[in-house]
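Before any comments, here is the structure.
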Amino acid sequence: MMMSFGKAVLKGTLSPPPSKSHTHRAFFLSAMADGESRITNCLISDDTKATLGAAESMGASVSVKGKEVIISGGKLHAPKRTVDADNSGTTIRLFTGIVSMFDEWVTLTGDASLRKRPMGPLLDALSQMGVECRSDNGRPPVEIRGANKGGKVTINGGISSQFITSLLITSPMLSHDTEIIIEGKMVSEPYIDVTTHIMSLFGVKVERNKNIMKVKGGTGYRPYDYTVPADFSSAAFPLVAGALGGQVTVKGLCMDDPQGDRVIIDILKRVGADVSVGKDSVTVKKKELKAIDVDIGGCPDLFPILAVLLSTASGTSRLYGAPQLKFKESDRIQSTVNMLRAIGAEAEGTDNGCIIKGKKKLAGGSVVTLGDHRIMMAGAVASLLCDGAVTVDNAECCSVSYPEFPEHMRSLGMKVEVP
Ligand SMILES: O=C(O)C1=C[C@@H](OP(=O)(O)O)[C@@H](O)[C@H](O)C1
Ligand SMILES: C=C(OP(=O)(O)O)C(=O)O
């Protein structure tokens, strides 16, 4: 479905959706816990529905009432069918580790985008643990057969933190202790902090010394009633909209949560936006912006919307440090640069980010999203800088992480039309 977004003076307040990363983890840990967990303020989106389906496929019972989900785990079995993770990299990576605890073949797949995304380092790590893994060139669909008993494993940290999260969350379910040795520079490291934080809530301690992580086997998880915090990755879109289009307040934020994308607040201050931070809210007002350089190695999901923010900052900006951008729902370096060029901005891709020459005014145009939700949402916010409208294709892809995005932008005063 095409959707068109138009320039407007924005003024408004909204609450962002709940965190997709925290929701995925809470669902999987609840499914593995022996008892009932009540998860409130869940993100119910295409990606997290894929995780609920995976949890049910291994015997967890799931009851969804609005944003509250009750999950009873414990009596688990190997899924009896191929599990489809749809567009969700987090779902397929985390569940690939989890199903390695079973001694039957399990097949996991996804949509066309997910079937292009790497699984190799995780499959290699599981093979070191005695798990049989089959796939074509290390991409989904993958076939897994355990039973994984734990042990010592070495894994490359330079492609995705989700591989390490997968090994960590599975470890308490295995008969022996697990020791993970992470090789090379770890990307997206704050997501590991989210993982260990939520594992601790469900009763499991992760011991960490630099690039070595240890988890005791045989303990399982205790059930836990958990409330999901707001998603800073999603909040970044209305916050940047405020910096570009007027004044926006985002409320309901948990400032001391370990989400890496919380840095959006500091980055908006550095670029010169008028930012005021309350106990659980942030207000951003439009001001003249100046070019900055940002290492996005720990916050890769901010890349598309930061590229839009900097496309109007005076001077040349550089976003760097995130080679893993090539392996998202799209090759986000290419799709972000194409998005910016389509609306008249000046950008060049690099092997780990991009370089942007700021321009006062942009023309607008048609953005090819490749079904990537963060390209769609960034393109929409970019319309605030454009003389003409910005039209995005596959607009429904925002339902992966932010189903209410079009309504939220409309509530701020942005022109949103379905042509
Ligand atoms: O663990 C997670 O919840 C996620 C980790 C990140 O992926 P990578 O670790 O592959 O960069 C991030 O891009 C994704 O949106 C969610
Ligand atoms: C890459 C993302 O998620 P996933 O890896 O779960 O597909 C994202 O939300 O930008």
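Throughout, residue positions are numbered sequentially from 1 according to the sequence presented. Start at 1 and go down the list; that is how both ligands and their atoms are numbered.
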- Task: For atom 5 (O) of ligand 2, state which one of R117, R93, E329, K328 supplies the nearest heavy atom.
- Result: R117
For ligand 1, which atoms have a heavy atom of [X] less than 4.0 angstrom away?
| X | value |
| --- | --- |
| K20 | 15 (O) |
| S160 | 8 (P), 9 (O), 10 (O) |
| D301 | 12 (C), 13 (O), 14 (C), 15 (O) |
| S21 | 2 (C), 3 (O), 16 (C) |
| Q324 | 11 (O) |

- Query: Taking the non-hydrogen atoms of T165, is any one of them nearer than 4.0 angstrom to ligand 1?
  - Reply: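 Contact absent.
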Is it the case that the side chain of [X] and the backbone of [Y] share a donor-acceptor pair, with hydrogens and angles ignored and the cut-off at 3.5 Å?
| X | Y | value |
| --- | --- | --- |
| R117 | F327 | yes |
| R93 | Q162 | no |
| N148 | M101 | no |
| S234 | D231 | no |

- Item | Enumerated ligand 2 atoms positioned under 4.0 Å from heavy atoms of H373 |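 Per the distance check, 8 (C), 9 (O), 10 (O).
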- Query: Considering only heavy atoms of K20, which atoms of ligand 2 have at least one such atom less than 4.0 Å away?
  - Reply: 2 (C), 3 (O), 6 (O), 8 (C), 9 (O)
Closest contact, heavy atoms only, [X] versus [Y]:
| X | Y | answer |
| --- | --- | --- |
| E404 | P17 | OE1-CB, 4.2 Å |
| H408 | S15 | CE1-O, 3.2 Å |
| Q259 | F232 | OE1-N, 2.9 Å |
| T23 | L43 | OG1-N, 3.2 Å |
| R332 | D301 | NH1-OD1, 3.6 Å |

- Take D257 and H22 through the test side-chain hydrogen bond (donor to acceptor under 3.5 Å, both in side chains) and record every step on the way to the result. CA-CA 10 Å; D257 187 89; H22 293 63; 3.0 Å; yes
- Query: Any side-chain heavy atom of T391 within less than 4.5 Å of one from M3?
  - Reply: no
- Do any nitrogen or oxygen atoms of H24 lie less than 3.5 angstrom from nitrogen or oxygen atoms of ligand 2?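 Checking ligand 2 against H24, no N or O pair falls under 3.5 Å apart.
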In the protein, what heavy atom is nearest to [atom], and what distance, to one decimal place, separates them?
| atom | value |
| --- | --- |
| atom 1 (O) of ligand 1 | R25 NH2, 2.7 Å |
| atom 4 (P) of ligand 2 | G89 N, 3.6 Å |
| atom 9 (O) of ligand 1 | S161 OG, 2.5 Å |
| atom 10 (O) of ligand 2 | R374 NE, 2.7 Å |

- Should the proximity of S188 to ligand 1, defined as any heavy atom under 4.0 Å, be assigned to the side chain, the backbone, both, or neither? side chain
- R332 to ligand 2, any heavy atom closer than 4.0 Å: yes
- Taking the non-hydrogen atoms of N87, is any one of them nearer than 4.0 angstrom to ligand 2? yes
- Query: Considering distance alone, does some N or O of K328 sit under 3.5 Å from an N or O of ligand 1?
  - Reply: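 N/O-N/O distance below 3.5 Å exists for this pair.
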- With heavy atoms under 4.0 Å as the rule, classify the contact between T90 and ligand 2 as side chain, backbone, both or neither. both
- T51 pairs by side-chain hydrogen bond (donor to acceptor under 3.5 Å, both in side chains) with which of T91, D86, T90? T91
